[in-house]
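This report refers to the structure that appears directly beneath it.
Indexing begins at 1, ligand by ligand and atom by atom, following the structure's order. Nothing here was measured: the structure is a model prediction, and the numbers come from that model.
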Amino acid sequence: MADIIQLLPDHVANQIAAGEVVQRPASVVKELLENSIDAGANSIKLIIKDSGKTLIQVIDNGKGMSATDARLSFERHATSKIRSADDLFSLNTKGFRGEALASIAAIAHVELKTKQEQDELGTLIEIEGSTIKNQEVTVTPTGTSLCVKHLFYNIPARRNFLKSNNVELRHIVDEFHRVALAHPDIEFVMYHNGSESFNLPKSNYRQRVVNIFGNRTNEKLVPVEEETEVLKISGFVGKPEFAKRTRTEQFFFVNNRFIKSPYLNHSINSAFEGLMKDGSHPSYFLNLTVDPKTIDINIHPTKTEIKFDDEHTLYAILRSAVKHSLGQFNIAPVLDFDRDRNLDTPYEFENKRVSTPSVEVDKSFNPFQEEKSPSRSNGSFSNYKKEPVAQWESLYVGLESKSTKTETDFSEVRFESEPETTSLFDNDKQVETSQTTYQLHNKYIISTIKSGMMILDQHRAHQRVLYEGLLKHLTVKESVSQQLLFPLSLEFTSSEMEILQGLKEDLEHTGFIFSVFKENVIEITGVPINVPESEVSIILEQLISDVEQEVPDSNFSATDLLAKSMSKSLAIKTGQNLTRFEQEHLVNSLFACKEPTVSPTNKVTFITMSVDDFDKKFI
Ligand code: ADP
Ligand code: MG
């Protein structure tokens, strides 16, 4: 039989390699920015059109290339950064594989202009799908400009696979952030569709973080500094009370390279243990410096995962450094008086209670009556924390929650800060008679039905109730707003603003009233009738995170997503103690829904067990 093995032509090999290096426009952005940094630039411009689908251009003032190098740079395995495999272990450049430009040129139209300082004139090269179309001498400033147009023009499958402009832009901005955070000493500017998205002057690390994430970030940063023989740590963690629902503010850099490390992330989480609300994630911006010999960067084509020689030691050092910083800056909730009232924890609540005696205003106070007296508890609690009570009640859309019992007063307060807290007065429930519902582990509601028993998941059930209510408001467009006494001002990053802008109209249909909606600030003067003010920022954050995770090709509907997201944020949480009244109303409201059997995300809301089922078990 004839021989059948052939060497793949270069352009095919390059296209295959491109599959690994270039997944989406953001990958090109990363490679080009990194090349500019490796070229010693101190000013880098990124120009994007249509989320990178039409144009990605990076202009730097680095050292440029000679005409020969410019031509060679597009060859596979052509690099100026390493000479031998040994060099891999003393790397101080971003690139070294010599693959990026060859890969990009295989799947796009590329135009390179470059000039070295000592030369009068520079070089222009145009390539399409690995074929050189033009090379000439040109007038251009010192440095390099690389223009990538029509990415994936010759691989329609890949092009079709790209996500919506919003999603692709989000990825680009993420890459831009990562590179810019790793290099505060370099000036970065980014333009999208002709307008400036970021302008980051050369600065120190703290300023860089603030320039990217907004002025309000400054107050939440806690410095972390540690130097040991194996590891140097510098950077910031966010104070726990500012923790986000999303993981968008979590950054590790190892030797100035952004990396992903679930293991090290875990070590930070464990340092924050006990300080975080459920479902929120600490922010961190940490630079780790280690001996290049102790890491292997070569394990992943995009170099975002690296292997450490001694991960366990790094874990321990990192954890203790973060813990130490949190302790040193008095992050213990008890001691921190400057906190956002919306994020109150039970600790602070107790503080407040001590500092303002309730007796003065509570005429019916009876010291011998203990906490069981409704009047005392109402007096002492509602004085200092009026809103949560109202807010808690308003969470019961369609439940008409109206319990005046002491136990709810406590759970109301605890709900907002710590949904897991069980009621202190669980026993009180036993007193009530003719019970038809029963709450199991503050998670399930058990109810007797004709055929036997029904078990309902309280969180999912409430989500369904809220979801249908919200959808109605959104589609009928006749929402009811409640005016805020003082406008609520919230700051977002530009990319978050872009997402919110897309949902603004829908948000207004639910009852939000915006007085300012520009640049990085949103000012809210009215909120939907059932939404507590303290939940607003959580709702919006959750919404942004949900949009980011949404696969736009699936039947993306902004209205539906908004209703789902808000119902998730507002629904009674697992762990919340409910009065019998509330339990019964939840059951009734669920069965008044159009689709009571599943939650908005298609999860089962309740199951039933018949007496027959039980009988079988008792055989
Ligand atoms: P790598 O970065 O892994 O070396 P690339 O394909 O990204 O591989 O780049 C190939 C070579 O082209 C680099 O090694 C560098 O010498 C040169 N080069 C690329 N971009 C620039 C730039 N912006 N300025 C100067 N030289 C560059
Ligand atoms: Mg490179």
Side-chain angles (χ1 to χ4, degrees), residues 10-11 13-23 26-47 56-85 87-88 90-108 110-119 122-127 130 132 135 138 140-148 151 175-176 178-179 182-183 186-189 255-258 292 297-304 306:
D10 262 2
H11 71 275
N14 283 340
Q15 266 198 18
I16 295 170
E20 277 195 0
V21 183
V22 185
Q23 277 111 29
S27 331
V28 175
V29 168
K30 172 179 190 278
E31 294 297 337
L32 299 189
L33 292 176
E34 290 190 347
N35 278 348
S36 297
I37 292 167
D38 285 344
N42 61 21
S43 173
I44 300 176
K45 265 197 198 74
L46 170 64
I47 300 164
I56 301 165
Q57 183 175 16
V58 170
I59 305 171
D60 69 50
N61 65 352
K63 65 178 185 241
M65 285 179 264
S66 68
T68 324
D69 280 355
R71 174 67 196 79
L72 255 181
S73 68
F74 291 103
E75 295 295 325
R76 207 140 63 95
H77 306 308
T79 180
S80 55
K81 299 168 192 176
I82 57 171
R83 304 252 167 239
S84 74
D87 293 346
L88 277 178
S90 52
L91 271 180
N92 46 28
T93 53
K94 305 274 173 192
F96 55 83
R97 299 167 69 108
E99 274 176 339
L101 291 190
S103 300
I104 294 166
I107 50 168
V110 175
E111 184 196 281
L112 166 74
K113 279 186 191 171
T114 187
K115 183 183 94 68
Q116 295 180 299
E117 179 140 42
Q118 67 275 17
D119 296 336
T123 309
L124 164 74
I125 295 182
E126 287 169 282
I127 301 190
S130 300
I132 302 224
Q135 171 158 4
T138 191
T140 182
T142 299
T144 302
S145 154
L146 219 130
C147 210
V148 177
L151 187 65
E175 288 299 349
F176 179 78
R178 292 166 182 175
V179 174
H183 297 275
I186 298 176
E187 173 192 48
F188 288 92
V189 187
N255 298 355
N256 291 332
R257 189 189 296 279
F258 171 82
I297 307 164
N298 206 13
I299 52 170
H300 197 267
T302 58
K303 309 176 218 99
T304 48
I306 64 177

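- In this structure, the separation between CE on Met65 and CZ on Arg71 is 12.0 Å, given to the nearest 0.5 Å.
- In the vicinity of Ala100, heavy-atom distances shorter than 4.0 Å reach the ligand 1 atoms 6 (O), 7 (O).
- The Mg ion (ligand 2) lies under 2.8 Å from an N, O or S atom belonging to Asn35.
- Considering backbone and side-chain N/O atoms, Glu31 never comes within less than 3.5 Å of an N/O atom of ligand 1.
- Ligand 1 has Met65 within reach: a non-hydrogen atom of the residue lies less than 4.0 Å from it.
- Taking NZ of Lys113 as the reference point, atom OG1 of Thr123 lies at 12.0 Å (rounded to 0.5 Å).
- For ligand 1, the atoms sitting less than 4.0 Å from at least one non-hydrogen atom of Thr79 are 1 (P), 4 (O), 14 (O), numbered in the order shown with element in parentheses.
- Going from atom CG of Leu101 over to atom CG of Asn35 covers 5.0 Å, rounded to the nearest 0.5 Å.
- Residue contact check for ligand 1: Gly62 places no non-hydrogen atom closer than 4.0 Å to it.
- Atom CD of Glu99 sits about 13.5 Å away from atom CD of Glu75, to the nearest 0.5 Å.
- Ile104 places a side-chain heavy atom less than 4.5 Å from the side chain of Val22.
- We find the OG-CG distance between Ser36 and Asn42 to be 11.5 Å, quoted to the nearest 0.5 Å.
- Atoms CD1 and CD1, on Ile186 and Ile44 in that order, are 4.5 Å from each other to the nearest 0.5 Å.
- Of the polar atoms of Asp60, at least one N or O is found under 3.5 Å from an N or O of ligand 1, judged by distance alone.
- Comparing heavy-atom distances from atom 25 (C) of ligand 1 across Ser66, Ala102, Gly143, Ala39 singles out Ala39 as nearest.
- Residue-ligand proximity: Asp38 is placed with every non-hydrogen atom at 4.0 Å or more from ligand 1.
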